[in-house]
Structures are given as C-alpha cells and as structure tokens.
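I have placed the structure first, in the form of structure tokens, so that the comments after it can refer back to it.
What you are looking at is a predicted structure, and each value in this text was computed from that prediction instead of being measured. When reading the values below, keep in mind they use all heavy atoms of this one structure, side chains included, and skip hydrogens, waters and symmetry mates.
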Amino acid sequence: MKSKKNIILFLNQNIGLKVLMFLSRTDNIIFAVVKKKNNFFYSETITFLKNNKIQYSINEKFFENKNNLKKISDIDFIITVYWPHFIKSNFLEKSKSSLNFHPSFLPFNRGWYPHVHNIINGSKAGVSLHQLSNKFDNGNIWSQKKVIVKIEDNASTLHERLGKEIFSLFKNKWSDIKNGKIKPTKQVRFLKFNSKKDIDKFDEIDLYKKYKAIDLIKKISARNFYDKSFSFFKFGGKKYKLHIKVSKS
C-alpha cells in the first residue's frame, strides 16, 4: 500500500491551513477548494497554495461542474476541514475514502456550534474524525477524543481548545487511517442535528425570569465569542449587550 495518498482538500479557518501545511509534507494534494467568506485565514491559505504550486479554487461549487468532475481520477481521500457545505454523493464516489473534521463527540451535537451547546446543556464534548456520508455528521467514525468543558469556558476558549484537540488527533491518527490500520466504526445512534438558528434562543436574558446562577453564567458565557457578545437584555426600550469573564481566584 502506498504511503503517500492523493488528496482533495476543502479548507476553512486556521485548522484548514494547519491541515494543508501538514499534508503537504506527507501526501500528494491534487486540488484544494478554499472558503473565502468569514475565513480569517483565507489570505494565508491562498499564499501557501501558490507558493507550493498546488491547484486550487475559491469556487465552493467547483466540483458540481460536470467538466471539473470528469477530470478527477485516482483520488484516495476527500478531506473536509470545518467545511460548512454538503458534499454531493456523485463527487464522493470519485474517491476511495473520505474524512471530515467535526468539533463534537459524535453523535452528540451534530451540526452547527457544538461548543455553544456543550456549555449550555453540559452535553458530552469532544472532537471527531469521521467519513462523509449522505447526511451531515452521520458518517462512520475514524477516531474521537473527549474534551472537558470548564466552568470558566466561554464560546471562544472552548472553540479554540476543540480546534487544538482535533488537529492533534488528526496528526496522531492520520498515518494509521490512511494506511488501513484503523477501521471506521458506525455511529450507534443519530441524535438531533443543530441548525444555525438553534442558538438564537439562548441570546436574550429575561430580566424578570428566575435563573439558577450557574445556568445564567453558562447562558451568557456560551454567547460570548472573543470580543463579541450575542447575549443581551432589553430595558427601557433599549437593547444592552452582556459580557462575562469567569476566572479562578
């Protein structure tokens, strides 16, 4: 079995750039599709691709074009890194296997913003490498790792830690995955898929509602992301943002 694999990448965010840099040393990257919108590492990713003479496109539907699809052959892995769009089956069939990065301990928190749900409802947190399938985050699991949610976590700190853990997991397991030493296992159950809008209900704090202190802290922390706050309350006809910082004394 050849040690180097032919790979097509779908890249987003800093994890996408890290995976690109890592795989460029170990495998043959045939093509990369890069997400532009809301990708804070877009410029760095494009620069790396150009410097390493790797073919790429910023057209997120590049492989939905039949002419582009026809050009694909001998692909070992399609790898999607924090890619927010569904990959169609006619494209997946062009590859021997696939791998997706998902920052949750599947089947818990399939879909969007798992770190927010982890903080608010205390669901099992972690990261998963899994195969792509005909439904979001339902594919067979390559490898997983649990991550502990801390009381001082907010959305940004947990998001960062999950990112570090999933990249570390990938680096440690990739050689065994690509060389057939790890076999993917089926997800035992399929839990609810979280949509983008599912977190909107957590944003408003009702000034006249009773909360347990810990629930209120979690509710605000989960909607604080770096310098942004999506948590708010209304008073006197005006809207006020809420920031919270929890630290050990």
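Here the OG-NZ distance, from S128 to K146, works out to 11.5 Å after rounding to the nearest 0.5 Å. We find the CG-CZ distance between L162 and F167 to be 15.5 Å, quoted to the nearest 0.5 Å. Distance check, rounded to the nearest 0.5 Å: CG of N194 to CH2 of W112 gives 12.0 Å. One finds the CZ atom of F41 at 13.0 Å from the CG atom of L20 (value rounded to the nearest 0.5 Å). Rounding to the nearest 0.5 Å places CE of M21 at 11.0 Å from CD1 of I29. Taking CD1 from I75 and OG from S98, the interatomic distance works out to 13.0 Å, rounded to the nearest 0.5 Å.
More than 12 heavy atoms of other residues, nucleotides or ligands shown are found within 6.0 angstrom of NZ on K241. Within a 6.0 Å sphere centred on NZ of K135, heavy atoms belonging to other residues, nucleotides or ligands number 12 at most. Dense packing is recorded around CG of L207, with more than 12 heavy atoms of other residues, nucleotides or ligands lying under 6.0 Å away.
Although no hydrogens or angles enter the test, the distance criterion places a donor-acceptor pair under 3.5 Å between the side chain of Y211 and the main chain of D206. Not one N or O on the side chain of D176 forms a donor-acceptor pair closer than 3.5 Å with the backbone of I182. Between the E64 side chain and the K88 main chain, no donor and acceptor come within less than 3.5 Å of each other. Side-chain N or O atoms of S104 include one that pairs as donor or acceptor with a backbone N or O of N109 at under 3.5 Å. At least one donor-acceptor pair closer than 3.5 Å links the side chain of Q144 to the backbone N or O of L106. Between the side chain of K145 and the backbone N or O of I166, no donor-acceptor pair lies under 3.5 Å. Under the 3.5 Å distance criterion, the side-chain polar atoms of D137 are matched with a main-chain donor or acceptor of G111. Here the side chain of K36 pairs no donor or acceptor atom with the backbone of I58 at under 3.5 angstrom. Remark: side-chain polar atoms of T157 are paired, donor with acceptor, to backbone N or O of N154 under 3.5 angstrom. No side-chain donor-acceptor contact under 3.5 Å links N6 to the backbone of D76.
Hydrophobic clustering of Ile, Leu, Val, Met, Phe, Trp and Tyr side chains at less than 4.5 Å, counting indirect connections, unites F22 with L49. F31 and Y42 are members of different hydrophobic clusters when ILVMFWY side chains are connected at heavy-atom separations under 4.5 Å. Clustering ILVMFWY residues whenever any of their side-chain heavy atoms sit less than 4.5 angstrom apart, transitively, puts F86 in the very cluster that holds Y113. Put simply, V116 and F105 are part of two different groups of oily side chains (I, L, V, M, F, W, Y) that touch within less than 4.5 Å, one to the next. When hydrophobic clusters are built by joining Ile, Leu, Val, Met, Phe, Trp and Tyr residues whose side-chain heavy atoms come closer than 4.5 Å, directly or via intermediates, V33 is grouped together with L69.
When every heavy atom of P184 is checked against every heavy atom of W142, the shortest pair comes out as CD-CZ3, 3.4 Å. When all heavy atoms of K218 and I119 are compared, the closest pair comes out as CD-O, 3.2 Å. In terms of heavy atoms, P103 sits closest to V127 at CA-CG1, 4.1 Å. Closest approach of V246 to I217, counting heavy atoms only: CG2-CG2, 3.9 Å. Taking all atoms of both residues into account, the shortest heavy-atom contact from Q187 to G139 is NE2-O, 2.8 Å.
Between F10 and F91, the ring centre distance stays below 6.0 Å.
Within the 4.5 Å cutoff, side-chain heavy atoms of S123 are placed close to those of N118. A 4.5 Å side-chain heavy-atom check between F170 and I15 finds every atom pair outside the cut-off. Proximity of K219 to S231: side-chain heavy atoms (C-beta onward) are nowhere separated by under 4.5 Å. Looking at heavy atoms from C-beta onward, W174 lies out of side-chain contact with K171 at the 4.5 angstrom threshold. Between K94 and I8 the shortest side-chain heavy-atom distance does not fall below 4.5 Å. You'll find the side chain of E204 reaches within 4.5 Å of the side chain of F232, heavy atoms only. In this structure, the side chains of F202 and N121 stay at 4.5 Å or more apart for every pair of heavy atoms. R161 has its side chain out of reach of H115: every pair of non-hydrogen atoms, C-beta onward, lies at least 4.5 Å apart.
A donor-acceptor pair shorter than 3.5 Å cannot be found between the side chains of N52 and S24.
Aromatic ring pairs are classed by plane angle as parallel below 30°, tilted from 30° to 60° and perpendicular above 60°; the pair H102 and H130 is perpendicular.
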**OP:** Could you walk me through whether S57 and N59 pass the side chain to side chain donor-acceptor pair (under 3.5 Å) test, one step at a time?
**Re:** CA-CA 5 Å; S57 175; N59 177 5; 5.0 Å; no
**OP:** Test N138 against S133 for side-chain contact (heavy atoms from CB on, under 4.5 Å), laying out the working first.
**Re:** CA-CA 6 Å; N138 271 10; S133 68; 3.7 Å; yes
**OP:** Start with the C-alpha gap between H85 and K61, add the side-chain angles, then the distance that decides, and say whether side-chain contact (heavy atoms from CB on, under 4.5 Å) holds.
**Re:** CA-CA 9 Å; H85 308 296; K61 297 183 178 180; over 6 Å; no
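Tested against D27 for a side-chain hydrogen bond (donor to acceptor under 3.5 Å, both in side chains), the candidates K178, K5, K4 yield a single pass: K178. Across L169, T80, V81, N12, a single residue satisfies side-chain contact (heavy atoms from CB on, under 4.5 Å) together with F101, and that is V81.
Qualifying side chain to side chain donor-acceptor pair (under 3.5 Å) partners for D203, counting only residues two or more places apart in sequence or in other chains: R223.
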